[in-house]
Undergrad: 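Can you keep this structure in mind? I'll have questions shortly.
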Amino acid sequence: MQGRELRGELDAFLAENEQDLVAFRRDLHMHPELAFAEYRTTQKIAERLTAAGLNPCVLPRGTGLICEVGSGDGPTIALRADIDALALPDEKDVSYRSTVQGVCHACGHDVHTTILLGTSLFLARQAAEGLLPGRVRLLFQPAEELPGGALEVMAHGGISGVERIFGLHCDPRVDVGQVGLKAGPITSACDKIAIRVSGPGGHTARPHLTADLVFALAKILTELPAGLSRRVDPRSSLSLVWGRVEAGSAANAIPDDGIAEGTVRCLDESAWHAAPDLIKALLESVAGAYGVEATMDYSRGVPPVVNDEDSVQMLAEAAERALGPGTVVPTQQSLGGEDFAWYLESIPGAFARLGTRSPGGLDYDIHQGTFDVDESAIGSGVRFMAATALTALWDGHRPGQVAEQTVVELI
Ligand SMILES: [Zn+2]
Ligand SMILES: [Zn+2]
């Protein structure tokens, strides 16, 4: 089936189902659920998949599900959507505003979920007509925002036997109908760090008899980022930024403990792996110089999403096929984190940015209570994801092999 034929099939499918998919998205938007509490969302997805003749398998916690479309010996590829919402109040004045106080789909995961549902229904139809040359594993993943849902899906065999995986995220800086693509790293690592410093306190008249803890803490706050900037390849953009610091309670008393908390962000995977040991060594040397005790609590977040080049070419080819020529735009690596990265540490794949901005319309940002999308992005997303699955299966690519005619120039 060529691009034009696929476009015709997608047109027919969406003419029949697009309104219903928009209603499905609005229902999810009105009933957002936080990470690992997506019970209703999971049930709604499962109901729709079952009604289409598929066999969804809900994960043991009761949130998130895995479902497979197709059969036979062809390759298996996976498509992933995240289904959780954020602990933010919905500030929009729309009919589908969140009905749950303090919880909102402000990251667009309701849109991702709806797109994957629509894609599943389309692929089920293709499979029934014998037009699916392989299997597509549908991953409706819980708890992306925690993060950790990707690990839950993987722990239950979500990507075993899967050759490639694809996912997408709403991008309010890209016009609807377009997709932003980039080979290599596209998101960043983001970890949390907490430091506790302690030492003998006392009167500010006699700092030499104490550890002068506030002074020592201030040195740690400035020396750690400074030391890192000299010890790490600047191209990795490893940055330690403090968000909270606390010590002392009176102007003339040196306290005996204090804390600092911040985030470590990084664009490069190897620098990210090395960061905790390096920061610990710097902390010990600065704390030692000022005679204070320091302990560090380092919480790993997610690694950067590193897009496989061949998989990005498949996404580009799919966009050209399903959305038309000129719909692929280059995109930048963001400093945000995304737990899709965990899948890509095991298998090749790629993550795309789906345009959700109405041309000439309002500018939104994700993780804001005002965030919303141009809902025609749902139709574009279904076209793009379905074409991605079929492209990856048709071409039967193996890592390192890309057919000449499929290569689309990317910046
Ligand atoms: Zn988010
Ligand atoms: Zn998100």
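Residue numbers start at 1 and run along the sequence shown. Ligands are counted one by one from 1 in listed order, and the atoms in each one are counted from 1 as well.
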Undergrad: What's the atom name of the N, O or S in His367 nearest to the Zn ion (ligand 1)?
TA: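 Closest to the Zn ion (ligand 1) among those atoms: NE2.
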
Undergrad: Using 2.8 Å as the threshold, say whether any N, O or S atom from His169 sits that close to the Zn ion (ligand 2).
TA: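 Within the cut-off used here (under 2.8 Å), His169 does place an N, O or S atom near the Zn ion (ligand 2).
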
Undergrad: Of all N, O or S atoms in Glu145, which has the smallest distance to the Zn ion (ligand 1)?
TA: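 Of the nitrogen, oxygen and sulfur atoms in Glu145, the Zn ion (ligand 1) lies nearest to OE2.
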
Undergrad: Closer than 2.8 Å to the Zn ion (ligand 1), do we get an N, O or S atom from Cys107, backbone or side chain?
TA: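 Yes - counting backbone and side chain alike, Cys107 has an N, O or S atom under 2.8 Å.
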
Undergrad: How many angstroms lie between CD1 in Ile195 and CE in Met296, if you round to the nearest 0.5 Å?
TA: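 Here the interatomic distance stands at 7.0 Å.
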
Undergrad: Closest approach of Ser188 and Ser334, non-hydrogen atoms and distance?
TA: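 Shortest heavy-atom contact: OG-O, 2.5 Å.
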
Undergrad: Is the shortest heavy-atom distance from the side chain of Thr63 to the side chain of Glu33 under 4.5 Å?
TA: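 The answer is no, as the side chains (C-beta and beyond) never meet within the 4.5 Å cut-off.
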
Undergrad: With a 3.5 Å cut-off and no angle check, do the side chains of Asp374 and Ser358 form a donor-acceptor pair?
TA: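 Ser358 and Asp374 do have a side-chain donor-acceptor pair below 3.5 Å.
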
Undergrad: Would you check if the Zn ion (ligand 1) lies under 2.8 Å from any N, O or S atom of Glu144?
TA: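 Glu144 does not place any N, O or S atom closer than 2.8 Å to the Zn ion (ligand 1).
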
Undergrad: Closest heavy-atom contact between Trp272 and Gly301?
TA: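 Where Trp272 meets Gly301 most closely, the heavy atoms are CZ2-O, 4.2 Å.
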
